[in-house]
Visitor: 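Below: one structure in structure tokens.
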There are 2 protein chains.
Amino acid sequence: MNIGDVSRQSGLPAKTIRYYEEIGLITPQRSANGYRVFREQDLHKLAFIGRARALGFGIEDCRGLMKLYEDTDRSSAEVKQIAEEHLTEIDRKIVELTGMRQTLTRLVHACAGDDRPDCPILADLSAPPAI
Amino acid sequence: MNIGDVSRQSGLPAKTIRYYEEIGLITPQRSANGYRVFREQDLHKLAFIGRARALGFGIEDCRGLMKLYEDTDRSSAEVKQIAEEHLTEIDRKIVELTGMRQTLTRLVHACAGDDRPDCPILADLSAPPAI
DNA sequence: ATAAGGCTTCCAGTGACTGTAAGGTCAAGA
DNA sequence: TCTTGACCTTACAGTCACTGGAAGCCTTAT
């Protein structure tokens, strides 16, 4: 299977698939003309990576998870630890974004958004009130 | 004022302040020995940028907001539009992260996290159930 | 005089791609 | 047979907002 078909099947851009090969996540074979040839196991790996990425895991986490997946002697504790650390990071980001959202929502609501120059948003950025 | 003092006052790393000069956000003067000399207005700008960045605005948004701040003929509508677009983006990220969090929480709870290899997390990454 | 600390520039690296250019390969149709 | 167009290849640069490090000048205190 060529990279175009794999791209369509996996939903990953061909560029991304080449990149994953470059960093050693997958190692497709090559045909005589130099084209990459993907087998079932490559497709499976790409789907695995795609789903892990969609859950926000970083590339190195994906590498680790794939390694654990292939190691049938792993302990589920190792997997769970990676996932829990990632979950903590997600929670941290949500908290950070929620704080931004709260402040920004307040400012946007306070701003008339008309032709006049008076703007609580700029006023706050310039010198926020001590709350 | 030298860059070290400005860094301590603003809470921004000196590296970051130099970077902000490089991309034209601030233009501190120079003393005879080549050191950057920061005036009150530079401090004010850096504080403005710092707060906008803390609300998640990108550098180009910061540039635009500063330009509007300095233009006393602006309309608050222009400011509000930038803020609202950013707010939409923040909401999008929160939704994305919340979805990840939900799936990941479910998987982490389903995983025993012990010495055995059975792991619902890897099972889901490998072939998620059609929900 | 020297040592410590602060300042300078320049270059490279981060993460995870993405864009672009220049060119080789293949299958179908005129 | 030729050509067109779709597909593939590599290599290099760019993204975003810094961050790290090296090499070297400047200042201040001892």
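Values reported hereafter were calculated over all heavy atoms of this structure, with side chains retained and with hydrogens, waters and symmetry mates removed. Convention: sequence-line order gives letters A, B, ...; per-chain numbering from 1. It should be emphasised that the depicted structure is a prediction, and the values quoted were computed from it without experimental measurement.
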Visitor: For A:E22 and A:R18, what are the C-alpha separation, side-chain angles and deciding distance, and is it a salt bridge (Lys or Arg N to Asp or Glu O under 4.0 Å)?
Guide: CA-CA 6 Å; A:E22 191 186 325; A:R18 289 193 196 99; over 6 Å; no
Visitor: Would you say CZ of A:R116 has more than 12 non-hydrogen atoms from neighbouring residues, nucleotides or ligands within 6.0 angstrom?
Guide: no
Visitor: Could you work out how much the helix from C:dA1-D:dT30 to C:dA30-D:dT1 bends, comparing the axis of its first five pairs with that of its last five, to 10°?
Guide: 30°
Visitor: Can you check the B:E60 CD to D:dA17 P distance for me, whole Å?
Guide: 8 Å
Visitor: Assess whether atom CD of A:E70 is packed by more than 12 heavy atoms of other residues, nucleotides or ligands within 6.0 Å.
Guide: yes
Visitor: So does B:R101 have more than 12 non-hydrogen atoms from other groups sitting under 6.0 Å from CZ?
Guide: no
Visitor: Can I get a per-line list of side-chain donor-acceptor pairs under 3.5 Å for residues 124-131 of chain A, giving both atom names and the distance, sequence neighbours left out?
Guide:
residue: A:S126; atom: OG; partner: B:H44; partner atom: NE2; Å: 3.1
residue: A:S126; atom: OG; partner: B:Y69; partner atom: OH; Å: 2.8

Visitor: Of all the heavy-atom pairs spanning B:I3 and B:A14, show the shortest one and how long it is.
Guide: CD1-O, 3.6 Å
Visitor: Specify the residues of residues 81-92 of chain A, ordered by number, for which at least one heavy atom lies under 4.0 angstrom from an atom of DNA chain D.
Guide: none
Visitor: Nearest heavy atom decides the nucleotide; on that basis, is B:Y35 or B:F57 closer to the 5' end of DNA chain D?
Guide: B:F57
Visitor: Using atom CD of B:E21 as one end and atom P of C:dT9 as the other, report the distance to the nearest whole Å.
Guide: 7 Å
Visitor: More than 12 non-hydrogen atoms from neighbouring residues, nucleotides or ligands closer than 6.0 Å to CG on A:N33, yes or no?
Guide: yes
Visitor: Would you mind telling me which of A:R30, A:K45, A:K15 makes a salt bridge (Lys or Arg N to Asp or Glu O under 4.0 Å) with A:E21?
Guide: A:R30
Visitor: Should B:R30 be listed as having a side-chain N or O under 4.0 Å from OP1 or OP2 of C:dT9?
Guide: yes
Visitor: Is there a side-chain polar atom (N or O) of B:N33 under 4.0 Å from OP1 or OP2 of D:dC25?
Guide: no
Visitor: Yes or no on salt bridge (Lys or Arg N to Asp or Glu O under 4.0 Å) for B:R8 and B:D5, after CA distance, side-chain angles and deciding distance?
Guide: CA-CA 5 Å; B:R8 273 179 291 276; B:D5 308 300; 3.5 Å; yes
Visitor: Between A:R36 and D:dT10, is there a contact of a side-chain N or O with OP1 or OP2 at under 4.0 Å?
Guide: yes
Visitor: Please list all pairs passing the ring-ring contact (aromatic ring centres under 6.0 Å, His included) test where one or both residues lie in residues 76-123 of chain A, with sequence neighbours left out.
Guide: A:F57-A:H86
Visitor: How close or far is atom P of D:dC16 from atom CD of B:E22, stated in whole angstroms?
Guide: 14 Å
Visitor: Where along residues 2-20 of chain A does a heavy atom fall under 4.0 Å from DNA chain C?
Guide: A:P13, A:K15, A:T16, A:Y19, A:Y20
Visitor: Any ring-ring contact (aromatic ring centres under 6.0 Å, His included) pairs touching residues 112-131 of chain A, not counting sequence neighbours?
Guide: none
